[in-house]
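The next block holds one structure in the form of structure tokens; read it before the comments.
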Number of protein chains: 2
Amino acid sequence: MGRPALTRDAVLDTAAGLVKEHGPAALTMRGLAAELGTAVTSIYWHVGNRESLLDALAERTAAGLGEIRAAGRTPARRVVSVALALRRHLLDHPHLVAMVHERGLTERMFLPAQQALVHEVHAAGLRGARAASVVRAVTFHVVGHVLVERARERAPLRHPGEPDLWDTGAADDDPALARALARPADPERLFDLSVRALVDGLLTRG
Amino acid sequence: MGRPALTRDAVLDTAAGLVKEHGPAALTMRGLAAELGTAVTSIYWHVGNRESLLDALAERTAAGLGEIRAAGRTPARRVVSVALALRRHLLDHPHLVAMVHERGLTERMFLPAQQALVHEVHAAGLRGARAASVVRAVTFHVVGHVLVERARERAPLRHPGEPDLWDTGAADDDPALARALARPADPERLFDLSVRALVDGLLTRG
DNA sequence: ACCTGAACACCGTTCAAGT
DNA sequence: ACCTGAACACCGTTCAAGT
């Protein structure tokens, strides 16, 4: 009767739930204790302090990214498909990924994806340090792009007068460009364009 | 005599100093008041609350990025040179830039750089929405790359057993690749490689 | 071994009161 | 118009005490 015994895993589970829903900033020790139905201080016995709780959570999340399968006919397309899948996954778990990222564990998290990329890059005829750089460049690009996207989402409402910085002759004689830059970017299309360009550039260089 | 009158600008100045040195998390209202030699509550009269103080600080920093000059002979090289300069600037002011980024003001901050990029992309013969996408892809890439770099710096000491995930046959028959991926990335070289590839890819596409 | 409440040193913020 | 101290509702963390 009463609550089931409090375990380290139970603490991590409900902590993960809170972070997934409201972000790491919303995870307080007292709130977590309330959710668990225990005293705050019990948590400390099981997981140390808040910092190591978040560390453990990040480890867990980093380990949770499963296999990623490439799709497409050419190596370039297959690499791009991995990048797209990776981006999808990151966007689907924004809070948890942010936590992993802040703790510098992103690289470990991406190990399965990197193995898939290695395979494709080999198929494209690259080997050794050269191939490694390509794999890394692609993962950096994906993570970076998603981070920038997410920052844009968080952006406050546009400040008055900002969009038309591009209208007022800043882009001299190219009104179509001015209009395009005055509009918010379409992250989906932008990502597609840039990974394709990046991968093409990486795979075709001497 | 005594302290010079407390002004909104004085508050922002010393707040900027604290953030620049120790990061936004280290900026407390009480600590700021102590630094200013006033009561905590005086700050509230001048800048509202902590959140709007950080907003104002971000605005300020975003406006502070000056002109960026391109260098090099071909348009591609000139675009790359802008990207390199941008990265330099971001790495030189990590805390302030993080603040701007978290508030989604990065795009505004990069307006001068984007204007330089527009010029070069025009020189490369691209116009309109196509040119706009190239400009955006490059800025996204730069910001994203720097964000990933900075996360890697923050990374804790490597966990035991992690580096050799690549040694133990994960990268089948390419030991040079395995060695390269087991080593930490060289961000300088990686950035150079990836912007060049990206810009090449973007400028040569039909 | 596990859980607890009390206590400490911090936060940001409000408010009534001063000049 | 500007500055103040007291007070409130929060934090994370430690510790002695319970079972």
Side-chain angles (χ1 to χ4, degrees), chain A residues 1-61 95-96 98-100 102-103 154 156, chain B residues 1-61 95-96 98-100 102-103 154 156:
Chain A
M1 49 222 61
R3 318 265 113 196
L6 186 61
T7 66
R8 182 184 155 87
D9 270 339
V11 173
L12 290 181
D13 281 343
T14 89
L18 291 177
V19 169
K20 197 181 304 193
E21 279 187 66
H22 310 105
L27 178 75
T28 72
M29 301 301 272
R30 286 173 149 96
L32 178 56
E35 193 85 5
L36 287 163
T38 52
V40 208
T41 42
S42 305
I43 302 176
Y44 284 83
W45 197 92
H46 285 284
V47 298
N49 55 14
R50 194 183 117 101
E51 198 59 22
S52 53
L53 166 59
L54 287 175
D55 282 344
L57 232 47
E59 292 289 347
R60 224 190 202 219
T61 313
H95 291 317
L96 291 175
M99 206 181 50
V100 172
E102 272 159 27
R103 287 179 157 63
R154 270 197 301 270
Chain B
M1 47 222 67
R3 318 263 111 196
L6 186 62
T7 66
R8 183 184 156 87
D9 271 338
V11 173
L12 290 181
D13 282 341
T14 88
L18 292 176
V19 169
K20 197 180 306 191
E21 280 186 67
H22 310 104
L27 178 75
T28 73
M29 301 300 271
R30 287 174 147 97
L32 178 56
E35 193 85 4
L36 287 163
T38 53
V40 209
T41 43
S42 304
I43 301 177
Y44 284 82
W45 197 91
H46 285 284
V47 298
N49 56 14
R50 194 184 117 101
E51 199 59 22
S52 52
L53 166 58
L54 286 175
D55 282 344
L57 232 48
E59 292 288 348
R60 222 189 202 222
T61 312
H95 290 318
L96 291 175
M99 207 181 49
V100 171
E102 271 160 28
R103 287 180 156 60
R154 270 198 300 271

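These numbers come from the heavy atoms of this one structure, side chains and all, not from hydrogens, waters or symmetry mates.
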Which is more 5' along DNA chain C, the nucleotide nearest A:A39 or the one nearest B:G48? Just name the residue.
A:A39
Contact class for [X] vs. all strands (heavy atom < 4.0 Å): base, sugar-phosphate, or nothing?
{"X": "A:T28", "value": "sugar-phosphate"}
{"X": "A:L27", "value": "sugar-phosphate"}
{"X": "B:S42", "value": "base"}

Step by step, would you call A:N49 with A:S52 a side chain to side chain donor-acceptor pair (under 3.5 Å)?
CA-CA 6 Å; A:N49 55 14; A:S52 53; 3.0 Å; yes
With both distances kept under 3.5 Å, what pairs with D:dC8, Watson-Crick or G-U wobble?
C:dG12
Whom does C:dC3 pair with, Watson-Crick or G-U wobble, provided both distances fall under 3.5 Å?
none
Interatomic distance, A:L6 atom CG to A:T38 atom OG1 [nearest 0.5 angstrom]:
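Output value for this atom pair is 5.0 Å.
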Using a 4.0 Å cut-off to any heavy atom of chain B, which nucleotides of DNA chain D are the first and last in contact, reading 5' to 3'?
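With heavy atoms of chain B under 4.0 Å away, the range is D:dA1 to D:dA7.
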Would you check if B:M99 and B:K20 make a side-chain contact, meaning some heavy-atom pair closer than 4.5 Å?
no
Compare all side-chain heavy atoms of B:V40 with those of B:L32 and state whether any distance is below 4.5 angstrom.
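The answer is no; the side chains never approach within 4.5 Å.
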Audit row: B:L57, B:V100, side-chain contact (heavy atoms from CB on, under 4.5 Å) steps and yes/no
CA-CA 8 Å; B:L57 232 48; B:V100 171; over 6 Å; no
Run through A:H95, A:H22, A:R50 and flag the one making a side chain to side chain contact (heavy atoms under 4.5 Å, CB included) with A:L27.
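That would be A:R50; it is the only one of A:H95, A:H22, A:R50 passing the side chain to side chain contact (heavy atoms under 4.5 Å, CB included) with A:L27.
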Pick the nucleotide of DNA chain D nearest each of B:T41 and A:G31; which residue has the one closer to the 5' end?
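Nearest nucleotide further toward 5': that of B:T41.
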